[in-house]
Undergrad: 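So that we are looking at the same thing, I have put the structure below in C-alpha cells.
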2 protein chains.
Amino acid sequence: MKNEKSMEQDILEAAESLFLKKGFALTSTTMIAKAVGCNQALVHYYFRTKEKLFEAVFSLKLKIFLSSFTQIEERDISFEEKLRFKMEKHFDVLYKNQQLPFLILNELVTNPARIASIKEQIKDKIGSVFSQFAQELEREIEKGNIRPISPLDLLFSAMSLNIAFFILKPVMLETLGMDNEQFNQFALKRKEENVMTILNSLRPLKG
Amino acid sequence: MKNEKSMEQDILEAAESLFLKKGFALTSTTMIAKAVGCNQALVHYYFRTKEKLFEAVFSLKLKIFLSSFTQIEERDISFEEKLRFKMEKHFDVLYKNQQLPFLILNELVTNPARIASIKEQIKDKIGSVFSQFAQELEREIEKGNIRPISPLDLLFSAMSLNIAFFILKPVMLETLGMDNEQFNQFALKRKEENVMTILNSLRPLKG
DNA sequence: AGAAGTATTAATAGACCTATTAAATAGGAG
DNA sequence: CTCCTATTTAATAGGTCTATTAATACTTCT
C-alpha cells in the first residue's frame, strides 16, 4: 500500500515541495521531516546538511528550467515559427513548474554565492544556442522581415512576458480574486497572447 | 556632527534598506540594530515588534509603487501617447526602487496573509483607473487603431516587461557579468525598448 | 542641585533551528 | 539464532532569534 520507493526519495520530494513554496531560509529540516513523517535526524542522515539537500533539489530543477532554451529546433521552419515554438515550450515548462522562477530568484537574491555554480551549468550550452539565434535574427532583419532589434532585447522581452506571468501569479490570485483553476484557464490564453505580443512587435516598422 | 534626526528615523531607514535587500525573514532586529549602531532592544522599543516595523516600511513603499498606476494623465494626448507615458513613469518608479518588486513578491509568496491589507489599499483607486483605461482602449480598437486585445492582457504585458527587467536584474548581473553601472546604462535603452515592444504589438494586424 | 520623565542598554527567558552523537531497531547472511 | 550493516530514533549541544525586564544614562523642569 504504502509508498515503498525509499525514504531518501520521499525526503527529497518533500524538500522540493517545501523549498518551492517557502524558499531555503523559511524551510527547516524539522518541517521536512514532519512532512515525510520521519525523524528530523534522518533528513541529515541522507543529505548530511540542509545546504546539500537544497542543492540536490535545486540543480535538478534548474536543468528542467534550462532545457526549454537549450533545445534546438531541428525542423526546417521559418524564424518566426521557431520563435513561436521556443516561447511556447518555455511557457509550458514554467506552467509545469510554477513556483520555480520564484525559487530561483529568491536564492539568487538572498544567496548570490550560489549563482557561481549556476553560471557554470549555463554557460557553454547557452552560449552556442544564443549565437545561433543571433545569427538567424540578423539575417531576418537584413531581409526586412523583422524590425531592427538586438537579440538580447528580443530574448529578454520574450522571457519576461512568460516569467512575469508566473512570478505575478500570487498578485493575480489575490487582486483579481482568482482560484488556481481560473488561473490555469487564464494561462492558456496568456500563452498565445505572449507569443502574439512578441511576434507582432517584431513586424517591420513602416511598410 | 552626528545625524540628529532621531533614532526612530534611523532605525526605520536601516530597516528599509535591510528588508529590501534580504526580505523579512532574513533580516533580524539584531542586524538592524547593528546597522544603526544601537542596542537591539531599542528597535523593539520604537516599533514594538519586527512585524510592525516591517509594515511601517512596507506600506510606505507600496504607496510609492502604486502611484505610477493611479496617476491619471490629464493632458489631451492620444491613447498611444498616454500608454507611453504611463509605461515610462512605471519604469522610472521601478528604476528608483529596484529592489521593491522583489520585496513585494517575496512577502506575497511567503506571507500571503499580508496581501489582504494590500488589496484594500489598492482596490478603490485601481478600479476606477482601470475602467477608464478599458473604455479608452475599447474605443481605439473600434476605430481600428489598435488590434483587438483585452485591457487586462495589455496592462499585464506592459507591466510584465518593466517588472521582469528589474526582477531579473540579479540574473543579468551574474550571467552577463554586468556591474551596476552597466545595468543602469542598459536600463535606459530597455525603457524605450519595452515601450516600443508594446506599441508595435498593438498595431492592427492586416491593413 | 534634585526630581521626574524619556531614551538607551545589558541581561535574559523561551522558542526554534542545525547538526551531531549514541542508542534502538530492522533485516539479511552465515 | 547471531552477527553485521543499514536505517531510524531520542537526546542534546550550541547557535540565533524575538521579545521582555530591569537597570542606567540623559533631559528637562523647577
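Quick note on labels: first sequence line is chain A, next is B, and so on, each numbered from 1. As the structure is a prediction and not an experimental result, all values here were calculated from the model.
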Undergrad: Under the rule for ring-ring contact (aromatic ring centres under 6.0 Å, His included), what residues qualify as partners of A/His90, not counting sequence neighbours?
TA: A/Phe69
Undergrad: Only pairs at least two apart or in different chains count here, so list each salt bridge (charged side-chain N to carboxylate O under 4.0 Å, His left out) that has a residue in residues 176-191 of chain A.
TA: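 For residues 176-191 of chain A, and leaving out neighbouring residues, the salt bridge (charged side-chain N to carboxylate O under 4.0 Å, His left out) pairs sorted by first residue read A/Asp92-A/Lys191, A/Arg190-B/Asp153.
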Undergrad: By the salt bridge (charged side-chain N to carboxylate O under 4.0 Å, His left out) test, which pairs, at least two apart or in different chains, include something from residues 14-29 of chain B?
TA: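 Sorted result for residues 14-29 of chain B: B/Glu16-B/Lys61.
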Undergrad: Which residues pass the ring-ring contact (aromatic ring centres under 6.0 Å, His included) test with B/Phe166, sequence neighbours left out?
TA: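 Only B/Phe91 meet the ring-ring contact (aromatic ring centres under 6.0 Å, His included) criterion with B/Phe166.
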Undergrad: Tell me the bend of the helix from C/dA1-D/dT30 to C/dG30-D/dC1 as the angle between end helix axes, each from five pairs, rounded to the nearest 10 degrees.
TA: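 Rounded to the nearest 10 degrees, the bend comes out at 10°.
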Undergrad: Without decimals, in angstroms, what is the distance between B/Phe47 CZ and C/dT8 C1'?
TA: 15 Å
Undergrad: What residues form a salt bridge (charged side-chain N to carboxylate O under 4.0 Å, His left out) with B/Glu8, not counting sequence neighbours?
TA: none
Undergrad: With sequence neighbours excluded, tell me which residues meet ring-ring contact (aromatic ring centres under 6.0 Å, His included) with B/Phe186.
TA: B/Phe165
Undergrad: Using a 4.0 Å heavy-atom cut-off, write out nucleotides 9-25 of chain D from 5' to 3' as B (base contacted by protein), S (sugar-phosphate only) or - (no contact).
TA: BB------SBBB-----
Undergrad: Just the rounded figure in Å: distance from C1' of C/dC16 to CD1 of A/Ile32.
TA: 15 Å
Undergrad: Please check this pair: side chain of A/Asn106 against backbone of A/Phe102, looking for a donor-acceptor N/O pair closer than 3.5 Å.
TA: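 Such a contact is absent between A/Asn106 side chain and A/Phe102 backbone.
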Undergrad: Whole-Å distance between D/dA6 C1' and A/Glu8 CD?
TA: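 Nearest whole value for this atom pair: 13 Å.
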Undergrad: Taking salt bridge (charged side-chain N to carboxylate O under 4.0 Å, His left out) as the cut-off, I'd like each qualifying pair that reaches into residues 194-203 of chain A, sequence neighbours left out, listed once.
TA: none
Undergrad: How many whole angstroms separate atom NZ of A/Lys22 from atom P of C/dC17?
TA: 12 Å
